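Side chains are part of it too, since the values below use all heavy atoms of this structure and drop only hydrogens, waters and symmetry mates. Only a predicted model underlies this, so the values are computations on that prediction, with no experimental measurement involved.
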2 protein chains.
Amino acid sequence: MSLNNTDRRIRRTKQMIRDALTELMEDVGFDAITVRDLTEKADINRGTFYLHYKDKFDLLEQCEREVLDELAQVQGHVEGLQLENFYEHFNRGEPLPFIVKLFEYLKENGAFMRVILGPKGDPLFQVKLKEMLAEHLLKHMVKKARIEMAVPFDYFKAYVISAHLGVIQEWLFRGMKESPKEIAMTAFKLTFLGPRRAAGLISDEQNEKNSP
Amino acid sequence: MSLNNTDRRIRRTKQMIRDALTELMEDVGFDAITVRDLTEKADINRGTFYLHYKDKFDLLEQCEREVLDELAQVQGHVEGLQLENFYEHFNRGEPLPFIVKLFEYLKENGAFMRVILGPKGDPLFQVKLKEMLAEHLLKHMVKKARIEMAVPFDYFKAYVISAHLGVIQEWLFRGMKESPKEIAMTAFKLTFLGPRRAAGLISDEQNEKNSP
DNA sequence: TTCATTATTGAACAGACTGTTGATTAGTTG
DNA sequence: CAACTAATCAACAGTCTGTTCAATAATGAA
């Protein structure tokens with residue numbers, strides 16, 4: 001009995017098609033891909049494609065869903081590891097474990113993630129990824145009552161989540177030089193301290209009022 | 001002599017096609033649109049389309065370029081209005097003028113911007129918009145020497161720019177309830193104070209070390 | 001208004017891709 | 001080995017593409 005409960009031929013075929021998809025998206029973008037292209041690159045019969053996928057959009061959707069499911073699974077495992085809150089992690093110089101796990105997963109699936117989150121990628125996937133980021137990130141940030149005069153919460157949320165996606169993209173497209181832990185800490189600092197202080201563009205609070 | 005130097009028929013045709021594009025992208029997404037769909041909705045001959053555009057991708061590209069050019073033009077006008085720096089604006093409770101202008105333009109072209117920046121939109125356009133945002137935003141933020149131990153500048157940049165795009169999207173998709181000036185100030189606060197303080201999730205620096 | 005210019009129309013064309021079918025071959029599991 | 005089923009190959013009608021042509025209509029300038 002195999003590890004996977006599907007026929008080996010099916011696994012092989014699907015893998016060939018998915019590899020072809022990643023490669024072709026990198027080259028010409030999803031728009032320009034035909035089912036013909038996919039099956040030629042994967043070296044399988046065109047009819048076989050339709051045995052597994054409705055069309056190329058269905059293929060993309062299945063790939064995306066798989067990635068999101070795996071991500072959700074990874075996140076599940078890490079729940080127990082969290083410290084009580086944000087502050088503790090920061091004061092110990094430790095990033096949030098779930099963010100580290102996220103970057104680790106991104107690194108493993110670098111090729112596909114780069115393509116899907118890139119300029120020829122799928123904006124719908126960005127939305128889905130942001131939703132899942134929001135779910136985990138905000139849980140750790142919103143334990144304290146809010147004071148008046150504040151920015152609306154939805155904009156705070158949009159700001160922080162989008163910002164994290166931006167860091168993810170920057171990291172992916174610059175070759176993932178930093179380790180998952182390092183880049184997770186970078187993202188953490190930017191949010192915890194605020195971008196300007198995290199980047200060292202201000203030294204302390206005194207300089208704020210009477211600036212040069 | 002007309003305001004525009006092109007034949008009235010051309011202007012009419014192009015406008016019909018562009019309106020059709022916006023509508024169809026809203027309905028079915030760019031992927032699913034055919035040139036046939038466009039010309040039927042625009043009620044013009046299919047051949048006429050090819051007199052103006054190479055294909056539907058060329059159409060999208062021209063529309064995007066036009067928007068970006070207009071944005072750049074709007075930005076040009078506002079250069080003179082800037083105060084000396086970031087701090088002065090913030091201390092006066094005034095957002096950066098170029099951001100206000102940006103939101104004003106987005107509002108005027110709401111339908112197209114919502115579509116192009118939405119889940120069925122074009123990720124390449126997001127990249128281009130972020131580039132132009134970066135150009136204007138960073139100019140006002142990076143006048144001070146940086147201290148050591150800071151987050152790498154590229155990540156600071158990615159963080160702030162992506163965050164702003166996130167605010168733009170949130171605003172567009174929630175019906176643009178706030179005025180351009182209000183939403184610009186919201187974005188400003190989030191970056192200037194940092195997201196957590198801007199959202200009122202911490203009251204002051206004292207709470208930072210010995211948190212609940 | 002007239003007139004030369006030119007954008008638009010309608011029809012037709014070959015070429016490409018799609019999604020499906022049926023018979024046949026090849027590989028897998030127990 | 002034997003039953004099952006995935007993959008192959010060829011063929012199909014249907015749709016969309018991008019181009020061409022002659023005919024028509026709208027435009028802007030004189």
Side-chain angles (χ1 to χ4, degrees), chain A residues 1-66 115 120 122 124, chain B residues 1-66 115 120 122 124:
Chain A
M1 180 166 79
S2 70
L3 291 167
N4 200 317
N5 59 357
T6 51
D7 194 314
R8 181 194 304 154
R9 286 170 295 182
I10 296 181
R11 295 199 304 273
R12 198 193 87 97
T13 300
K14 284 194 166 186
Q15 197 50 56
M16 302 292 278
I17 294 177
R18 285 164 189 227
D19 290 349
L21 176 67
T22 303
E23 278 187 56
L24 284 170
M25 282 187 75
E26 227 162 354
D27 292 346
V28 301
F30 184 73
D31 290 329
I33 297 177
T34 68
V35 174
R36 264 199 155 74
D37 294 335
L38 286 165
T39 53
E40 275 174 18
K41 172 146 288 198
D43 194 31
I44 59 165
N45 189 276
R46 191 167 65 86
T48 306
F49 177 91
Y50 293 102
L51 260 32
H52 300 287
Y53 306 104
K54 195 171 144 288
D55 51 33
K56 70 168 181 167
F57 302 102
D58 184 43
L59 165 64
L60 183 67
E61 215 173 292
Q62 283 194 35
C63 290
E64 290 181 358
R65 169 159 303 282
E66 196 160 302
V115 168
K120 292 176 184 170
D122 178 10
L124 179 57
Chain B
M1 180 166 79
S2 69
L3 292 166
N4 200 317
N5 58 358
T6 51
D7 194 313
R8 181 191 305 153
R9 287 170 295 183
I10 296 180
R11 294 199 304 275
R12 198 193 87 96
T13 299
K14 284 194 167 186
Q15 196 52 54
M16 302 293 278
I17 294 177
R18 285 163 188 228
D19 290 348
L21 176 67
T22 303
E23 279 187 56
L24 285 171
M25 281 186 77
E26 228 162 354
D27 292 347
V28 301
F30 184 74
D31 289 330
I33 297 177
T34 68
V35 174
R36 264 198 155 76
D37 295 335
L38 285 165
T39 54
E40 276 175 18
K41 171 145 286 196
D43 195 31
I44 60 165
N45 189 277
R46 192 167 63 88
T48 307
F49 177 92
Y50 294 101
L51 260 32
H52 301 287
Y53 306 103
K54 193 171 145 289
D55 51 33
K56 70 168 183 168
F57 302 101
D58 184 43
L59 165 64
L60 183 67
E61 214 174 293
Q62 283 195 34
C63 289
E64 290 180 359
R65 170 160 303 283
E66 198 160 298
V115 168
K120 293 174 183 170
D122 179 10
L124 179 56

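In this structure, CG of A/D31 is placed 18 Å from P of D/dC16, rounded to the nearest angstrom. Spacing between atom CG of B/D7 and atom C1' of D/dA26 amounts to 8 Å, rounded to whole angstrom units. Atom P of nucleotide D/dC9 and atom CZ of A/F49 are separated by 18 Å, given to the nearest angstrom. Atom CD in A/Q15 sits about 18 Å away from atom P in D/dA6, given to the nearest Å. With rounding to whole Å, B/K56 atom NZ is found 10 Å from D/dG18 atom P. Between A/D43 atom CG and D/dC9 atom C1' there is a gap of 14 Å when expressed in whole angstrom units. Taking atom CG of B/D55 as the reference point, atom P of C/dA16 lies 17 Å away to the nearest angstrom.
Side-chain contact between A/D27 and A/K41 is present, with at least one heavy-atom pair separated by less than 4.5 Å. Between B/L38 and B/I33, some side-chain heavy-atom pair lies under the 4.5 Å cut-off.
Note on B/L51: a base of the nucleic acid sits closer than 4.0 angstrom, heavy atoms only.
B/H52 has no side-chain polar atom (N or O) that falls below the 4.0 Å cut-off from OP1 or OP2 of C/dA7. Checking the phosphate oxygens (OP1, OP2) of C/dT20, no side-chain nitrogen or oxygen of A/Y50 falls inside 4.0 Å.
For B/I10, taking side-chain heavy atoms from C-beta onward, the closest of the listed nucleotides C/dA7, C/dT18, D/dT17 is C/dA7. For B/R8, the side-chain atoms get nearest to D/dT27 when compared with the rest of C/dG19, D/dG18, D/dT27. Candidate nucleotides C/dT18, C/dT28, D/dT17 were compared by shortest atom distance to the side chain of B/R36, and D/dT17 ranks first. Nearest nucleotide to the A/T13 side chain, out of C/dG19, D/dG18, D/dA7: D/dA7. Checking D/dT8, C/dG10, C/dT6 against the side-chain heavy atoms of A/I44 singles out D/dT8 as nearest.
Both A/T34 and B/R12 sit near DNA chain C, but only B/R12 has its closest nucleotide nearer the 5' end. If you find the closest nucleotide of DNA chain D to A/T48 and to B/V35, the one lying nearer the 5' end belongs to A/T48.
Side-chain contact check for B/D19 and B/T22: no donor-acceptor pair (N or O, by modelled atom type) lies under 3.5 Å.
With hydrogens and angles ignored, no donor-acceptor pair under 3.5 angstrom links the side chain of A/R9 to the base of D/dA7. Applying the 3.5 Å distance criterion, the base of C/dG19 shares a donor-acceptor pair with the side chain of A/R46.
In plain terms, the two heavy atoms of B/D31 and B/K56 that are nearest each other are O-NZ, 3.1 Å.
Using modelled atom types, one side-chain atom of A/R11 and one backbone atom of A/T6 make a donor-acceptor pair closer than 3.5 Å.
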